[in-house]
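One structure below.
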Amino acid sequence: MDTTATNDVFSQNEKLLYSQFKRKINTEAAHAQIKKLEYDLADVKTGLSFLKTACTDSQALGLGAICVMPSYVKRCASFLGEKRTTSLVACVNAPNGGDLTSIKVKSVKCAVKDGADEVEVTAPIAQIRDGNYAYVRREFKKLRSAAKRKSLRINVSCSYLTREEINRVCILAADCKINGISLSGGNCVERIAEAKTSVKNKCVIKCEGGATVLEMSSAVDLGASIIGSKNAADVARAILTAAETEI
């Protein structure tokens with residue numbers, strides 16, 4: 001019996017099976033990375049028509065979350081639907097956290113009532129710079145209570161704070177049972193590792209500004225579990241394209 005043809009057939013089949021298997025593994029890994037992306041649309045320039053499209057795209061691509069201003073939470077909750085696969089995050093009091101605690105607390109409660117899955121509140125930058133950490137602690141505890149069972153993150157603007165101030169806020173957040181820290185502005189990527197050490201795995205770390213796949217990869221390597229990006233949809237598409245072509 002001539003086994004040459006048979007060996008050739010099996011060889012081709014094996015190559016095909018290997019190719020399909022590798023594509024499956026690449027695609028699964030790609031979707032795991034995309035799930036770490038949050039679409040940052042908490043911007044006054046982002047209108048309702050774009051948000052509707054963004055909600056559809058986010059679920060189709062498998063993004064982890066879409067972040068919007070509180071006034072758009074109710075409409076975006078409707079766009080995403082009750083059986084949403086992409087979380088809805090309300091971004092409260094960005095960019096400097098200057099409102100009174102009572103106003104922030106009310107905003108958190110409204111966001112939860114309107115359908116937010118998570119709430120991200122900006123830390124009181126002025127109070128931190130003044131060293132008023134007792135105020136910061138009280139605010140964090142009240143915000144934690146207002147969010148009830150919903151996930152609560154504290155946004156820390158690295159543009160205005162020193163390394164020591166950022167690390168101290170992270171420690172306070174972890175002590176107050178905050179679910180996550182969102183680092184934004186300035187040199188936030190450089191603060192990821194220290195923030196992760198400060199919270200001692202009690203909070204997840206989000207880093208804003210992942211405009212490209214490379215920037216996202218760098219932030220993840222440094223310890224960020226979530227990447228916020230205004231280009232999240234494009235980054236997700238680039239990741240999927242790379243997974244399809246890398247055989």
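On a predicted model such as this, the values are computed, not experimentally measured, just so you know.
No continuous path of ILVMFWY side-chain contacts below 4.5 Å connects I227 to V199, so the two sit in separate hydrophobic clusters. Under the 4.5 Å side-chain contact rule for hydrophobic residues, V112 and I178 share a cluster. Residues V44 and V92 are members of separate hydrophobic clusters, defined by side-chain heavy-atom contacts under 4.5 angstrom among Ile, Leu, Val, Met, Phe, Trp and Tyr. Taken together through direct or relayed side-chain contacts under 4.5 Å among Ile, Leu, Val, Met, Phe, Trp and Tyr, L88 and F50 form part of one hydrophobic cluster. Linking Ile, Leu, Val, Met, Phe, Trp and Tyr residues whenever their side-chain heavy atoms come within less than 4.5 Å places V156 and V108 in a single cluster.
Residues R237 and L61 meet the side-chain proximity criterion, which asks for heavy atoms closer than 4.5 Å. The shortest side-chain heavy-atom distance between V89 and V68 does not fall under the 4.5 Å cut-off. No side-chain heavy atom of I205 sits less than 4.5 Å from a side-chain heavy atom of S225. For the pair R75 and L48, the minimum side-chain heavy-atom distance is below 4.5 Å. Between S229 and Y39 there is no side-chain heavy-atom pair separated by less than 4.5 Å. R144 is not listed as a side-chain neighbour of C176, based on a closest heavy-atom distance of 4.5 Å or more. Counting heavy atoms from C-beta outward, V235 and T212 have side chains that stay 4.5 Å or more apart. For the pair V121 and N155, the minimum side-chain heavy-atom distance is 4.5 Å or more.
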Exercise for the section: Quick one: do K196 and N201 satisfy side-chain contact (heavy atoms from CB on, under 4.5 Å)? Show the steps, please. Expected result: CA-CA 7 Å; K196 192 173 179 67; N201 295 319; 4.1 Å; yes
Practice task
Using the side-chain contact (heavy atoms from CB on, under 4.5 Å) rule, take L183 and I166 through it: C-alpha gap first, then chi angles, then the decisive distance, then the call.
Solution key: CA-CA 9 Å; L183 302 173; I166 293 168; 4.2 Å; yes
Handout entry: Trace of the side-chain contact (heavy atoms from CB on, under 4.5 Å) decision for V189 with I192
Key = CA-CA 6 Å; V189 175; I192 295 173; 4.2 Å; yes
Handout entry: side-chain contact (heavy atoms from CB on, under 4.5 Å) evaluation trace for C91 with M69
Key = CA-CA 5 Å; C91 295; M69 293 187 295; over 6 Å; no
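For the 3.5 Å distance criterion, the side chains of N167 and R191 fail to qualify, holding no donor opposite an acceptor. For the residue pair E139 and T101, a side-chain donor N or O sits within less than 3.5 Å of a side-chain acceptor on the partner.
A salt bridge is defined here as a Lys NZ or Arg NE, NH1 or NH2 lying under 4.0 Å from an Asp or Glu carboxylate O, and E120 with K206 meets this definition.
Taking the ring axis of Y160 as reference, the NZ or CZ atom of R129 does not stay both within 45° of it and closer than 6.0 Å to the ring centre.
Atom NZ of K142 has 12 or fewer heavy atoms from other residues, nucleotides or ligands within 6.0 Å. Other residues, nucleotides and ligands contribute more than 12 heavy atoms inside 6.0 Å of the NZ atom of K35.
For the residue pair M216 and I239, the shortest heavy atom distance occurs at SD-CD1, 3.9 Å. What you find for A90 and A116 is that their closest heavy atoms are CB-CB, 4.1 Å. In terms of heavy atoms, T162 sits closest to E165 at N-OE1, 2.8 Å. The two residues I34 and A236 come nearest to each other via the heavy atoms CD1-O, 3.6 Å. Of all heavy-atom pairs spanning A111 and V73, the tightest one is O-CG1, 3.8 Å. Summarising the geometry of A54 relative to I66, their closest heavy-atom pair is CB-CD1, 4.0 Å, with the distance given to 0.1 Å.
E118 places no side-chain N or O within donor-acceptor distance of the main-chain N or O of S151, the cut-off being under 3.5 Å. The backbone N or O of N132 lies less than 3.5 Å from no partner atom in the side chain of D130, so there is not a single donor-acceptor pair. A donor-acceptor pair under 3.5 Å is absent between the side-chain atoms of Q127 and the main chain of P124, judged by distance alone. A donor-acceptor contact shorter than 3.5 Å links the side chain of E215 to the backbone of A211. For the pair S87 (side chain) and D117 (backbone), a donor-acceptor distance under 3.5 Å is absent. Using modelled atom types, one side-chain atom of N93 and one backbone atom of D99 make a donor-acceptor pair closer than 3.5 Å. Of the possible polar contacts, none joining the R137 side chain to the A134 backbone as a donor-acceptor pair under 3.5 Å is found. Here the side chain of T245 pairs a donor or acceptor atom with the backbone of T241 at under 3.5 angstrom. Between the side chain of T46 and the backbone N or O of A42, no donor-acceptor pair lies under 3.5 Å. Judged by distance alone, with hydrogens and angles left aside, the side-chain atoms of K104 form a donor-acceptor pair with the main-chain N or O of T122 at under 3.5 Å.
Put simply, OG on S107 and NZ on K109 are 11.0 Å apart, with the number rounded to the nearest 0.5 Å. Taking CG from D57 and NZ from K52, the interatomic distance works out to 12.5 Å, rounded to the nearest 0.5 Å. Interatomic distance, CD1 of I171 versus OH of Y133, reported as 10.0 Å (0.5 Å rounding). The distance from the NZ atom of K36 to the CD1 atom of I226 is 10.5 Å, given to the nearest 0.5 Å. A distance of 13.0 Å separates SG of C170 from NZ of K202, quoted to the nearest 0.5 Å. Interatomic distance, NZ of K74 versus NZ of K113, reported as 7.0 Å (0.5 Å rounding).
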